[in-house]
Amino acid sequence: APLISELAKSALEKRIEEGSWRRERRRDIEAAVALFIAANGDVRIDEITQTHLIAMKDLFLRLPREYG
C-alpha cells in the first residue's frame, strides 16, 4: 500500500489533469496533507485508523480558511 504522501500526490495530479480540481487549489490540498502527516507521520493508506484522524483535529485551525 502506498504512503499517504504518495497517494495524495498522484490523486492531486489526476484530479487537476481531469479538471475536477483547479490548479490553484494545489496549495490548500498540500497543506491539508502536510497537517495529517505532521499529526501522524507518513503512514501507509491501509494503516490509517480513526485514531489518526482524531490526532489531526487539534491541527484543523491551521487549515486554509476555505476549509472553514
Side-chain angles (χ1 to χ4, degrees):
L3 295 170
I4 191 75
S5 61
E6 296 168 346
L7 186 60
K9 182 179 178 182
S10 63
L12 177 60
E13 291 301 323
K14 180 180 178 189
R15 295 293 186 177
I16 289 173
E17 208 173 275
E18 69 188 17
S20 54
W21 288 348
R22 296 184 324 266
R23 190 165 300 281
E24 299 82 32
R25 296 296 312 274
R26 175 183 299 274
R27 190 169 146 210
D28 296 342
I29 294 162
E30 288 174 343
V33 172
L35 282 176
F36 181 88
I37 292 171
N40 300 292
D42 197 6
V43 297
R44 298 202 177 279
I45 191 70
D46 63 351
E47 297 172 347
I48 295 175
T49 65
Q50 187 173 2
T51 304
H52 291 103
L53 302 175
I54 291 168
M56 189 178 160
K57 78 174 176 56
D58 293 334
L59 300 176
F60 278 144
L61 293 176
R62 295 185 188 178
L63 282 173
R65 290 194 185 273
E66 283 188 38
Y67 287 95

Legend entry - Arg44 (side chain) donor-acceptor with Ala1 (main chain) under 3.5 angstrom: yes
So, for [X] and [Y], which heavy atoms are closest and what is the spacing to 0.1 Å?
| X | Y | answer |
| --- | --- | --- |
| Ala39 | Met56 | CB-CA, 3.9 Å |
| Ile16 | Arg23 | CG2-NH2, 3.4 Å |
| Glu18 | Ser20 | OE2-OG, 3.0 Å |

Legend entry - Pairing residues for Thr49 by the side-chain contact (heavy atoms from CB on, under 4.5 Å) criterion, not counting sequence neighbours: Thr51, His52
Legend entry - Under the side-chain contact (heavy atoms from CB on, under 4.5 Å) test, residues paired with Gln50 that sit two or more places apart: Ile54
Legend entry - From Ile48 atom CD1 to Leu7 atom CG, the distance as rounded to the nearest 0.5 Å: 8.0 Å
Inset, instruction - Working to the nearest 0.5 Å, report the span between CG of Leu35 and CD of Glu30. - result: 12.5 Å
Tell me every residue that passes side chain to side chain donor-acceptor pair (under 3.5 Å) with [X], counting only those two or more places apart in sequence or in another chain.
| X | answer |
| --- | --- |
| Glu13 | Arg26 |
| Glu17 | none |
| Ser5 | Asp42 |

Legend entry - Single-linkage hydrophobic cluster Val43~Ile37, side-chain heavy atoms < 4.5 angstrom: yes
